[in-house]
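The structure under discussion appears below in the form of structure tokens.
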Protein chains: 2
Amino acid sequence: MTQSCTNISPKQAAQCCSPVDTLLDPELFKALCDPTRALILACLIKCARPCAVSEIAECCAVDTSVVSRHLATLARAGLLDSAKQGRTVSYAARADHLSRTLRALADAVDQSRLSPAAQSCC
Amino acid sequence: MTQSCTNISPKQAAQCCSPVDTLLDPELFKALCDPTRALILACLIKCARPCAVSEIAECCAVDTSVVSRHLATLARAGLLDSAKQGRTVSYAARADHLSRTLRALADAVDQSRLSPAAQSCC
DNA sequence: TGCATGATTGCGTCATTGTGCAAATGATAG
DNA sequence: CTATCATTTGCACAATGACGCAATCATGCA
């Protein structure tokens, strides 16, 4: 590890690909940045079982249609699984996937901290 | 651990406080959900050193004033440290804080998964 | 076949936010 | 004191997104 490698510019860093780049995914955080969605996801994580849309709607103060849209958004981000049975649709938190994703990002951040300016390309 | 405790409704879960509730903080994710901000933060994490605003502005395609605002947002969310020296302001990623926060959330999620419907209040 | 129910979608509205430009602020050098 | 440089702030504009209501779709039941 040389001195020159530990003191690169942000511009150089931008071209220097690291796991952080892909794991720090704005699309994932976009799903989590809304208070109503965060509440819904927290409920589903704590329930730890598939829940129907109407059931989930009871835990927040917005219209069922809004809840439905939020659930679709969370599912699209990979945070929920959905299953249709009859006319009810159940959503369940993908808790394992979420915690693994968070840990992977934490690992990548720590990696950059320990070996700055990833020697992968500088 | 009884059966009745592992099958609560989302509404009950909402009233059941868990570390997930506070750690799944929309305010944090709001800071991370913008592509430009994510890029800036990734750069600072990879640099692993304090960088001036003008320096950071070189790594993304928006106006310096926009970068300045994004940096303020990230700092307000606790993701960056700022230090003023003369007329230049330097921002540095709080990588340790970020990775600790992510791991704490991952732990809370796993905890809910292993002991559903936190026995803390149900 | 008709009707009720759970979920989704279309649409209009309102609030928020990302952006660029210009002006202002703060600090250093001549 | 004035000019210059780094950063921030004011302002206007456009895009995005959350929301409620109503209509629609899909399924189950009489």
Side-chain angles (χ1 to χ4, degrees), chain A residues 9-11 14 24-44 47 49-77 79-93, chain B residues 9-11 14 24-44 47 49-77 79-93:
Chain A
S9 71
K11 188 170 186 175
L24 204 62
D25 178 19
E27 290 306 315
L28 169 64
F29 300 122
K30 213 173 281 185
L32 298 170
C33 75
D34 179 74
T36 306
R37 272 199 298 274
L39 178 70
I40 291 173
L41 182 58
C43 273
L44 288 172
C47 272
R49 66 170 176 89
C51 300
V53 176
S54 53
E55 217 180 3
I56 300 168
E58 288 174 15
C59 77
C60 47
V62 296
D63 196 79
T64 310
S65 67
V66 175
V67 173
S68 173
R69 264 187 270 255
H70 281 315
L71 290 168
T73 300
L74 289 167
R76 223 178 304 118
L79 296 168
L80 302 182
D81 271 332
S82 69
K84 188 170 186 175
Q85 189 150 17
R87 50 189 169 185
T88 80
V89 177
S90 291
Y91 288 90
Chain B
S9 70
K11 189 169 186 175
L24 202 63
D25 178 19
E27 290 307 313
L28 169 65
F29 301 121
K30 211 173 283 183
L32 298 170
C33 73
D34 179 73
T36 306
R37 273 198 298 275
L39 178 70
I40 291 173
L41 182 58
C43 273
L44 288 173
C47 272
R49 66 170 177 89
C51 299
V53 176
S54 54
E55 216 180 3
I56 300 168
E58 287 173 17
C59 77
C60 46
V62 296
D63 195 80
T64 309
S65 67
V66 175
V67 173
S68 172
R69 265 186 269 255
H70 282 314
L71 290 168
T73 300
L74 289 167
R76 224 177 303 120
L79 295 169
L80 301 182
D81 272 331
S82 69
K84 189 170 187 175
Q85 191 151 17
R87 52 188 169 187
T88 79
V89 176
S90 292
Y91 288 90

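In the text below, chain A, chain B and the rest are named by the order of the sequence lines, each starting its count at 1. What you are looking at is a predicted structure, and each value in this text was computed from that prediction instead of being measured.
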With heavy atoms under 4.0 Å as the rule, sort A/A52 into base, sugar-phosphate or nothing.
sugar-phosphate
Once you round to the nearest 0.5 Å, how far does OG1 of B/T64 lie from CG of B/L71?
10.5 Å
Set of side-chain contact (heavy atoms from CB on, under 4.5 Å) partners for B/S54, sequence neighbours left out:
B/A52
Could you check how far CG of B/L39 sits from P of C/dT19, rounded to whole Å?
11 Å
Hits for side-chain contact (heavy atoms from CB on, under 4.5 Å) against B/V62, two or more places apart or cross-chain, chain-then-number order -> B/T36, B/C60, B/V66, B/V67
Atom pairs, protein N/O to nucleotides 27-30 of chain D N/O, distance under 3.5 Å:
from, atom 1, to, atom 2, distance (Å)
D/dT27, O2, A/R87, NH1, 3.3

Under-4.0 Å side-chain N/O to phosphate OP1/OP2 contact, B/Y91 with D/dT8:
yes
Quick one: pull up CG in B/D34 and CG in B/L74 and give me the separation to the nearest 0.5 Å.
9.0 Å
Once rounded to the nearest 0.5 Å, what's the spacing between atom CG of A/L32 and atom OG1 of A/T73?
11.0 Å
Measuring from atom CG of A/L79 to atom CG of A/L44, what distance do you get when rounded to the nearest 0.5 angstrom?
10.5 Å
Enter the distance from B/L39:CG to B/H70:NE2 here, rounded to the nearest 0.5 Å.
10.0 Å
Between A/E58 (CD) and C/dA7 (P), how many Å, whole number?
10 Å
Interface polar pairs with nucleotides 16-21 of chain D, N/O, under 3.5 angstrom:
from, atom 1, to, atom 2, distance (Å)
D/dA18, OP1, A/R37, NH1, 3.2
D/dA18, OP1, A/R37, NH2, 2.7
D/dC19, OP1, A/T36, OG1, 3.1
D/dC19, OP2, A/H70, NE2, 2.5
D/dG20, OP2, A/D63, N, 2.8
D/dG20, O6, A/R69, NH2, 2.8
D/dC21, N4, A/S65, OG, 2.9

Taking only side-chain nitrogens and oxygens of B/S54, does any of them come within less than 4.0 Å of OP1 or OP2 of D/dT7?
yes
B/L74 CG - D/dT8 P separation (whole Å)
13 Å
What pairs with B/E27 under side-chain contact (heavy atoms from CB on, under 4.5 Å), at least two apart in sequence or on another chain?
B/D25, B/K30
Any residue meeting side-chain contact (heavy atoms from CB on, under 4.5 Å) with B/A38, in chain and number order, not counting sequence neighbours:
A/P26
Restricting to pairs with a member in residues 54-63 of chain A, which pass salt bridge (Lys or Arg N to Asp or Glu O under 4.0 Å), not counting sequence neighbours?
A/R49-A/E55
Under the side chain to side chain donor-acceptor pair (under 3.5 Å) definition, can you give me all pairs with a residue in residues 80-92 of chain A, not counting sequence neighbours?
none
At how many degrees, to 10°, do the end axes of the helix from C/dT1-D/dA30 to C/dG30-D/dC1 meet when each uses five pairs?
10°
